[in-house]
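In what follows, a structure is listed as structure tokens, so that the remarks can point back to it.
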Amino acid sequence: MIPLSSPYLRRSNSTRRIMRLVLLSLLPGIAVYAALIGPALLIQILLASLAALGFEFAVFFLRKRPARAALTDHSALVSAWLIALTFPPLSPWWLTITGVFFAIVITKQLYGGLGQNPFNPAMVAFAVCIIAFPALMSQWPAMSLSLSLPEQLELIFGFAPRLDALTSATPLDVIKTVLQKTAGITHGTVQELLMSQNLYGTFAGRGWEWVATAYLVGGVFLLIMGVITWHVPLAFIASMTLIALVFWIIDPSRFSAPLFHLFSGGSMLGAFFIATDPVSGCATPRGKIIFGIGAGLLAYLIRVFGVFPDGIAFSILLMNLCAPLLDSMSQPAVFGSRPQVRVPGEKTP
Amino acid sequence: MLKRPLAFRGGIRLAHHKYESAHSPIASAPLPERLILPLRQSAGRAPEPIVREGDRVKKGDRIAAAEEWISASLHAPTSGTVRAIGPFPVAHPSGLSAPAIVIEADGADEWGEKTPLLDSPARSAANRAALSPEETQRFLQNMGVVGLGGAVFPSHVKLSRAPNTPLQTLIINGAECEPFITCDDRLMRERADDVISGTLFLRDLLEVKETLIAVENNKPEAADALRAALARADAAREIRDVAVMELPAIYPAGSIKQLIFALTGKRAPAHVLPTALGVQCFNAATVYCVWRAVAHGEPVTHRVVTLTGNVEHPGNMEVPLGMPMGQLLALARPRPETDACIVGGPMMGFLLTDERAPVVKGSNCLIARSDAFFPPLEPETSCIRCTSCAQVCPQGLQPYELYWWSRAKNSEKAARYQLMECIECGCCAYVCPAHIPLVQYFRFAKGEVRAAEKAQDMAARAKERFEFRQLRAEREKAERAEKLARAAALQAEKLALAAVTDTDSPANAQTPTTENAP
């Protein structure tokens with residue numbers, strides 16, 4: 001087939017290639033994470049991927065539309081992998097599938113499919129599950145814990161009662177409890193406290209710091225490949241660093257260092273892989289910067305002062321809410337004219 | 001004057017595909033038996049035919065005369081007989097026919113009388129102040145000189161001086177930024193002296209401070225040839241204010257706003273003509289035609305056309321206007337798997353719908369299309385707002401927003417996102433990973449916006465007319481009512497008077513009658 005109108009030249013690129021690059025850049029993080037936690041993570045990724053493709057197929061089947069394009073564009077896999085990476089790796093199978101259901105069916109397909117969802121599917125999955133199943137979503141295995149494959153499979157697919165002994169507090173949990181319990185009591189810095197509990201590694205939470213570093217490596221690869229732009233990650237990291245720095249300087253016995261925050265929880269994953277989601281995020285350069293700043297600040301505030309162990313999912317969902325407004329108010333100037341702030345609904349002359 | 005050209009925003013690097021057609025000299029196309037010359041070969045109004053069927057014409061004879069200012073005359077590219085004047089298929093995206101003059105060549109290719117503007121040594125001397133600009137403008141209009149870069153805007157119109165801003169910079173556009181096209185490249189290499197002479201002629205006429213000849217840096221031979229020609233001209237009389245500037249080969253470097261910015265740093269805002277910034281632009285091939293006309297009395301009857309793509313013998317040919325494009329492309333021997341012919345460049349051109357459509361002043365390139373050279377159409381998928389399109393848009397637009405509103409047929413919103421500033425360069429569609437034919441959507445939406453504007457304009461005028469009519473009707477009604485009232489009053493008065501007259505003097509009865517006399 002010949003295109004009807006110019007341009008007749010096209011760069012060889014596709015949504016599938018973009019999604020494949022995102023999956024590829026998640027691999028370093030997955031490798032480090034799996035090395036620390038065990039094969040459970042890979043089982044979760046497989047489970048989530050199959051569920052995501054299954055749900056996509058089911059939706060297209062019910063809508064009586066060809067599912068081939070949707071099943072091969074790899075976008076569902078990106079959501080699935082992000083769910084597997086943000087949920088506790090020993091979550092029961094049905095929890096993961098529930099998350100995938102909310103991501104693919106409710107958040108993505110019910111809003112019109114690829115490119116139409118106002119919210120990030122993986123983050124909606126996380127938010128729904130942490131509200132509905134707060135206990136299960138907080139069971140993080142200790143990094144030192146080494147379980148055999150059958151034991152991990154038993155935990156994911158079995159019906160045996162779950163042992164609290166298997167799980168431990170993450171560094172983020174610890175600083176939260178510190179903050180709540182030890183107001184007014186002097187115990188040294190947060191870092192010293194974490195060290196005393198054998199939770200501090202080289203520069204952040206033990207183990208988790210290397211997972212976050214691997215995400216950073218993958219994120220930089222995405223930047224180099226031109227899949228994402230620098231705006232969101234840089235704004236996210238800068239704003240989180242700045243707010244963490246302010247609190248840390250005020251009281252290092254209650255607040256931890258900026259580096260710790262950047263390399264704990266979902267910060268790096270959020271900055272490079274989730275807040276950069278083009279569909280639910282901002283599209284204009286200035287919008288992206290505001291989005292990144294907002295997500296970084298909110299993530300810190302929710303993580304430190306909120307009730308949930310991490311704030312990435314809620315901060316990004318809150319910024320998703322603002323994205324359309326930010327976009328329409330941050331339209332860049334057309335070549336040759338001055339930048340103008342466009343207020344939605346107002347007519348430009 | 002800038003030392004180095006500035007980088008404009010956006011744009012893309014493309015595989016040039018220039019070498020194939022640029023390595024051999026310009027050849028002369030054989031004279032076809034019949035030449036079809038569509039009347040409309042420039043922007044503005046088409047000229048009126050001044051020949052009739054059966055008339056004998058010589059090469060260079062005027063066959064259609066411009067009757068309006070924004071219009072240019074048309075000339076016979078060879079000697080022969082006018083065979084028909086009527087609708088013929090033309091190369092246009094719409095595939096419609098247009099009125100044309102058909103000339104049957106007699107093979108003699110005999111020139112008519114040549115009347116150069118610089119007909120005497122005195123006039124062609126260094127001081128050209130003897131020529132009035134108006135005289136030159138009328139001359140170029142009669143010689144059919146139009147922009148040969150593709151927009152075919154009559155060149156003489158661009159020589160008018162803006163009343164308020166004096167011209168500072170003259171830009172000669174030899175960027176030729178679209179891949180595959182090399183007609184200007186070869187022309188600048190082989191006929192650099194004429195290009196430089198034309199440039200200097202326009203420089204003197206426009207009295208500009210600086211003149212910049214822009215060539216993309218993928219044409220070093222052309223730039224060198226122009227510099228050498230400039231040096232030769234400099235030997236005759238000192239030239240200090242003319243420079244050849246090499247631009248980085250980033251598409252669309254030759255687009256007027258981007259070119260002006262790269263060379264002068266001036267940004268042309270929306271709806272502002274370059275002359276308002278003190279800049280005027282001419283295409284290199286146009287400048288060549290200007291010189292052939294003023295110095296040699298040769299009107300625009302031929303042009304150089306690049307034949308390239310999936311052909312055995314890519315190259316450039318000097319082609320008489322009116323030669324059927326199918327016949328011309330056949331000279332380059334298209335390979336068997338050729339499935340279409342692109343007129344113009346691969347980024348902004350269109351597909352030839354009728355092989356009989358003739359070469360016109362704006363036809364710069366014919367490309368034999370095949371899947372090996374051009375990727376076949378891929379199915380359109382959903383936009384994921386990756387903003388690749390916005391990153392490459394040289395106009396700073398948000399094509400993903402324009403697409404959204406164009407698709408929703410919300411032309412008002414699309415216009416608010418500056419749809420009309422789109423230059424249709426095709427960068428956005430080139431990079432789109434979802435394979436969305438963005439420019440196609442924008443062309444359609446632009447039509448919608450124009451239609452809406454027109455409808456709005458017509459509605460406003462109809463409203464005005466209606467209101468005026470209402471007003472008039474009301475006024476007439478009021479006048480009538482007044483008249484009636486007055487008549488009634490008169491009647492009443494008369495009656496009253498009549499009643500009074502019986503008793504009073506008759507003199508009083510006269511007064512109201514005279515007052516009410518029409």
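Here is the naming used below: chain letters follow the sequence lines, and residue numbers restart at 1 for every chain.
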Is the side chain of [X] donor-acceptor paired with the backbone N or O of [Y] at a distance under 3.5 Å, no angle test?
X: A/S14; Y: A/R17; result: yes
X: B/T338; Y: B/N310; result: yes
X: B/S411; Y: B/V449; result: no

Under 4.5 Å heavy-atom distance to chain A, tell me which part of [X] shows up: side chain, backbone, both or neither.
X: B/P394; value: backbone
X: B/A268; value: backbone
X: B/Q395; value: both
X: B/Q391; value: side chain
X: B/Q440; value: both
X: B/E378; value: neither

For chain A, which candidate among [options] shows the most heavy-atom pairs at distances under 4.5 Å?
options: B/A340, B/G344, B/P346, B/G10; result: B/P346
options: B/K257, B/R9, B/Q258, B/R443; result: B/R443
options: B/I12, B/L397, B/V431, B/L14; result: B/V431

B/L351 versus A/Y8: any side-chain heavy-atom pair under 4.5 Å? yes
What I want to check is whether the side chains of B/T182 and B/S21 have a donor and an acceptor closer together than 3.5 Å. yes
Residues in residues 104-118 of chain A near chain B [non-hydrogen atoms, under 4.5 Å]: A/L114, A/G115, A/Q116
Does the plane of the ring in A/F87 sit parallel, tilted or perpendicular to the ring in A/F126? Use 30° and 60° as the thresholds. perpendicular
Check for me whether the distance between the ring centres of B/Y403 and B/Y441 falls short of 6.0 Å. yes
For chain A, which residues of residues 366-377 of chain B have heavy atoms nearer than 4.5 angstrom: B/R369, B/F373, B/F374, B/P375, B/P376, B/L377
Nearest atoms (heavy-atom pairs only) where B/C428 meets B/V439: SG-CG2, 4.1 Å
With a 4.5 angstrom heavy-atom cut-off, which part of [X] approaches chain B: side chain, backbone, both or neither?
X: A/D327; value: side chain
X: A/T284; value: both
X: A/A283; value: both

Can a salt bridge be assigned to the pair B/E424 and B/K446 using a cut-off of 4.0 Å between side-chain N and carboxylate O? yes
